Novice: 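Let me give you the structure first, and then I'll get to my questions.
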Amino acid sequence: MAARREHFGSRLGFILAAAGSAVGLGNIWKFPYTTGANGGAAFLVLYLALTFSIGLSIMLAEFAVGRAAERNPVGAFAKLKGGAWPVVGYLGVAAGFIILSFYGVVAGWTIAYIVKTITGELSSSDPEHLGNIFGGFISNPLEPVVYQAIFMALTVGVVLGGVHGGIERWCKVLMPLLFILLLVLIVRSLTLPGAAAGLSFYLEPDLSEITAETFNAALAQAFFSLSLGMGAMITYASYLSHKENLPGSAIWVTSLDATVAILAGLLIMPAVFAFGYDPGAGPGLTFITLPAVFAHMPLGEMFAVLFFLLLTVAALTSSVSLLQVVVAYFVDERGVERHRAAIIFGVIIFAIGVPSSLSLGVWSEFTIGGKAFLDLMDYVSSNLMLPIGGFFISIFVGWVVYPKILAEATNQGEKPFPLAPLWAFICRFVAPVAIAWILISGL
Ligand code: TRP
């Protein structure tokens with residue numbers, strides 16, 4: 001007999017852990033620069049539409065699959081159906097390796113920015129100067145790798161602490177704090193002279209700017225930000241007690257994640273325009289704009305340290321969910337001891353991430369399809385693997401195991417779920433067709 005599976009301590013604990021997985025660098029680092037590079041408000045509209053239709057439905061699908069099976073993604077597909085379906089789980093575990101490898105690099109930058117704020121290196125309000133500092137830092141062969149190593153060690157440490165003690169406890173206090181800090185910073189950003197132009201770029205959609213590429217970017221952003229398509233939510237829900245309300249939890253997590261992304265845009269976009277910076281500047285956008293905002297605030301350094309600290313924690317609660325997928329697979333399916341698995345795969349994923357870091361500096365000559373290694377890892381996982389995973393998860397739930405999964409989503413009929421027909425319709429038709437169409441037209 002297997003030992004009884006560890007469980008989250010409370011419903012709030014699960015929602016916060018799942019929201020902790022969702023809210024991270026995807027919201028505060030990736031969302032603003034992707035929005036900036038894809039036309040602003042038009043992208044925001046698409047992103048929100050995809051988040052609350054396909055994203056929300058797949059979130060619930062992953063929750064129900066995970067709790068019904070009480071297994072990692074590979075084991076879950078094997079237990080619920082078998083056949084070739086576990087391949088979807090393997091794809092997810094592979095995506096976990098890839099995403100965490102570059103996620104650790106960017107999270108390392110966040111830790112570095114705590115240190116650089118304290119040493120005074122970032123005290124400037126000139127985006128050009130801040131851009132040079134950022135560029136110099138990420139292209140350094142050693143410094144970012146050291147911070148990446150520190151972040152990966154923290155990730156392993158939290159996973160070693162286990163689901164209940166490690167993950168749940170962190171999320172409860174620090175997530176609300178990040179939220180409040182965002183609100184404070186938005187007030188500063190919105191009152192900068194020239195902020196209005198950023199606001200209109202962000203909130204007044206010009207739908208003629210939408211292209212197939214915008215769709216692809218919005219779909220990738222929705223999946224990445226909600227931690228969907230690779231079984232992270234399947235894994236978390238596998239530790240969830242059978243009493244909790246799944247549709248309600250899915251709505252909470254999706255809304256919290258989208259809210260933080262919207263707020264991050266409200267923070268970054270006005271500042272970008274106020275300082276005359278380029279919204280399409282790419283992955284440095286948040287790291288280059290924010291220090292300029294802090295420079296225009298009383299107690300700016302204190303706010304900066306607090307912000308990058310909380311962003312590190314937000315990244316940590318996300319990276320933990322990525323490593324947890326890999327660890328749960330090797331523990332459940334391969335009999336590896338949990339502590340061993342966390343340490344071994346933490347080290348391996350760190351090593352896979354080193355080329356991503358170097359690809360921004362000493363290895364920048366080496367590109368594949370015009371993309372640096374980090375961009376390639378991001379593109380392959382976020383734009384291809386996650387939507388493909390989501391495609392199969394929605395088909396699995398909509399067509400293959402629907403009655404069982406519906407029973408799970410309603411706690412065997414105990415909890416009313418009036419929107420079930422809509423959910424089924426999205427899983428059966430809308431999600432597979434839309435994802436396939438977006439993937440094909442994107443290629
Ligand atoms: N959603 C997280 C973020 O926005 C990143 C993340 C954590 C993730 N787990 C995931 C992305 C699983 C895709 C799949 O930062």
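Ligands are counted one by one from 1 in listed order, and the atoms in each one are counted from 1 as well. Every value quoted in this text rests on a predicted model; they were computed, and no experiment measured them. One-based numbering along the sequence shown.
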Novice: Mind running ring pair (Phe, Tyr, Trp, His ring centres under 6.0 Å) on Tyr90 and Tyr329 for me, showing each step along the way?
Specialist: CA-CA 9 Å; Tyr90 285 114; Tyr329 164 69; 5.7 Å; yes
Novice: Could you go through ligand 1 and list every pair where one of its N or O atoms sits under 3.5 Å from a protein N or O, giving the atom names and the distance to one decimal?
Specialist:
residue, atom, partner, partner atom, Å
ligand 1, 1 (N), Ser21, O, 3.2
ligand 1, 1 (N), Ala22, O, 3.0
ligand 1, 1 (N), Phe224, O, 2.7
ligand 1, 1 (N), Ser225, O, 3.1
ligand 1, 1 (N), Ser227, OG, 2.9
ligand 1, 4 (O), Ala22, O, 2.8
ligand 1, 4 (O), Gly26, N, 3.3
ligand 1, 4 (O), Asn27, OD1, 3.4
ligand 1, 9 (N), Ser227, OG, 3.2
ligand 1, 9 (N), Ser321, OG, 3.1
ligand 1, 15 (O), Leu25, N, 3.1
ligand 1, 15 (O), Gly26, N, 2.8
ligand 1, 15 (O), Tyr103, OH, 2.5

Novice: Is the backbone N or O of Gly20 less than 3.5 Å from a side-chain atom of Ser318, with the two atoms forming a donor-acceptor pair by type?
Specialist: yes
Novice: Kindly indicate whether the side chain of Val158, heavy atoms from C-beta on, has any atom under 4.5 Å from the side chain of Leu316.
Specialist: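 Contact flag for Val158/Leu316 side chains = yes.
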Novice: Could you tell me if the side chain of Thr117 sits less than 4.5 Å from the side chain of Pro291, heavy atoms only?
Specialist: no
Novice: Check whether any side-chain heavy atom of Ile118 lies under 4.5 Å from a side-chain heavy atom of Phe308, and answer yes or no.
Specialist: no
Novice: In terms of ring plane angle, is the pair Trp109 and Phe134 parallel, tilted or perpendicular, where the classes change at 30° and 60°?
Specialist: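 Plane angle over 60°, so perpendicular.
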